[in-house]
Engineer: 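Sharing a structure below in structure tokens format, with a few things to ask.
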Amino acid sequence: MCQIFVRANPQSYEATTRSIRLHGVVTSVRLENLFWDTLEEIGARDGMTVPQLLSTLYDELLTHRGDIPNYSSFLRVCALRYLSLQVAQCIPSDIRIPIRSLNAHAVLSGARSGLAEVSAR
């Protein structure tokens, strides 16, 4: 079993720091390269660069939660949720289909337990 995991390309778990601008403030986000690659794919589906995606996610999370205690962790969870929802066939694996075109309620209703909030705000 472990060979499946230990044979990962070391570059995929090397961390990279990127500077992004959120509401006019430059901040740094440090993630492993595999997460950056996944976020790039998510953004590309909707014609966004990674900085545009991160800004959009930040704004939407701020509106939804009112507070963002650990943005880097949130981004890691976004990448894992995206992949998990693809595996569950809730999000099409065809990257030509934009995420914004999907019905969020339908996507999340098919998600396995623990991938969506129990109650909506």
Engineer: Could you state the interatomic distance from CH2 (Trp36) to CG (Leu75), rounded to the nearest 0.5 Å?
Structural biologist: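 One finds 6.5 Å between CH2 of Trp36 and CG of Leu75.
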Engineer: As an exercise, state the distance from CD1 of Ile42 to CD of Gln86, rounded to the nearest 0.5 Å.
Structural biologist: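 Here the interatomic distance stands at 8.5 Å.
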Engineer: Compare every heavy atom of Glu32 with every heavy atom of Ser12, then report the nearest pair and how far apart it is.
Structural biologist: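 Shortest heavy-atom separation between Ser12 and Glu32 comes out as O-CB, 3.8 Å.
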Engineer: How long is the span from the CD atom in Glu41 to the CD1 atom in Ile99, to the nearest 0.5 Å?
Structural biologist: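 That separation rounds to 8.5 Å.
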Engineer: Can you name the nearest heavy-atom pair linking Pro98 to Arg96, along with the distance?
Structural biologist: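 That closest heavy-atom pairing would be CD-O, 3.3 Å.
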Engineer: Taking atom CD of Glu14 and atom CG of Asn9, what is their separation to the nearest 0.5 Å?
Structural biologist: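 These two atoms lie 9.5 Å from each other.
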Engineer: Would you say Leu102 and Pro92 make side-chain contact, with heavy atoms under 4.5 Å?
Structural biologist: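 Yes, side chains in contact.
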Engineer: Determine the minimum heavy-atom distance between Leu39 and Leu53, stating which atoms define it.
Structural biologist: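 Looking at all heavy atoms of both residues, the closest pair is O-CD2, 3.2 Å.
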Engineer: Decide yes or no for Phe74 and Ile68: does some side-chain heavy atom of the first lie under 4.5 Å from some side-chain heavy atom of the second?
Structural biologist: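 Not in contact.
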Engineer: Assess whether atom NE2 of His23 is packed by more than 12 heavy atoms of other residues, nucleotides or ligands within 6.0 Å.
Structural biologist: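 It does: His23 NE2 has more than 12 such atoms within range.
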Engineer: Is Leu34 reachable from Leu57 through a run of I, L, V, M, F, W or Y residues, each pair having side-chain heavy atoms under 4.5 Å apart?
Structural biologist: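 No.
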Engineer: Do Ile91 and Leu83 land in one hydrophobic cluster if side-chain heavy atoms of ILVMFWY residues count as linked below 4.5 Å?
Structural biologist: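 In one cluster with Ile91: Leu83, yes.
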Engineer: Has Ser109 got a side-chain atom pairing as donor or acceptor with Ala106's backbone, closer than 3.5 angstrom?
Structural biologist: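 Confirmed, Ser109 side chain pairs with Ala106 backbone.
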Engineer: Measure the spacing between OH of Tyr71 and CG of Leu61 and express it to the nearest 0.5 Å.
Structural biologist: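 The distance works out to 7.5 Å.
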Engineer: Nearest 0.5 Å please: distance from the SG atom of Cys78 over to the CG atom of Leu54.
Structural biologist: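 Between Cys78 SG and Leu54 CG, I get 8.5 Å after rounding to 0.5 Å.
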Engineer: Using the side-chain contact (heavy atoms from CB on, under 4.5 Å) rule, pick out the option among Val50, Val29, Thr27 that qualifies with Arg18.
Structural biologist: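 Considering Val50, Val29, Thr27, a side-chain contact (heavy atoms from CB on, under 4.5 Å) with Arg18 is found only for Val50.
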Engineer: Hey, any chance Phe35 and Val77 share a hydrophobic cluster, counting ILVMFWY side chains that come within less than 4.5 Å of each other, even indirectly?
Structural biologist: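 Looking at the clustering, Val77 is in a separate group from Phe35.
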Engineer: Do you know which two heavy atoms are closest between Ser72 and Leu31, and how far apart they sit?
Structural biologist: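 The answer is O-CD2, 3.6 Å.
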Engineer: In terms of hydrophobic clustering (I, L, V, M, F, W, Y; side-chain heavy atoms under 4.5 Å; direct or indirect links), are Tyr82 and Val87 co-clustered?
Structural biologist: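 Tyr82 and Val87: separate clusters.
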Engineer: Let me check something: do Met48 and Ile97 share a hydrophobic cluster, defined by ILVMFWY side-chain heavy atoms less than 4.5 Å apart, either directly or through other members?
Structural biologist: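 Yes; Ile97 is reachable from Met48 via cluster members.
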Engineer: Any idea which heavy atoms bring Arg45 and Ile95 closest together, and the distance?
Structural biologist: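 Distance-wise, the nearest heavy atoms are CG-O, 3.3 Å.
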Engineer: Kindly give the heavy-atom pair with the smallest separation between Leu22 and Tyr58, and that separation in Å.
Structural biologist: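 Leu22 and Tyr58 have their closest heavy atoms at CD1-CD1, 3.6 Å.
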Engineer: Can you tell me if Thr56 uses its side chain to pair, donor with acceptor, with the backbone of Gln52 under 3.5 Å?
Structural biologist: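 Answer holds: yes.
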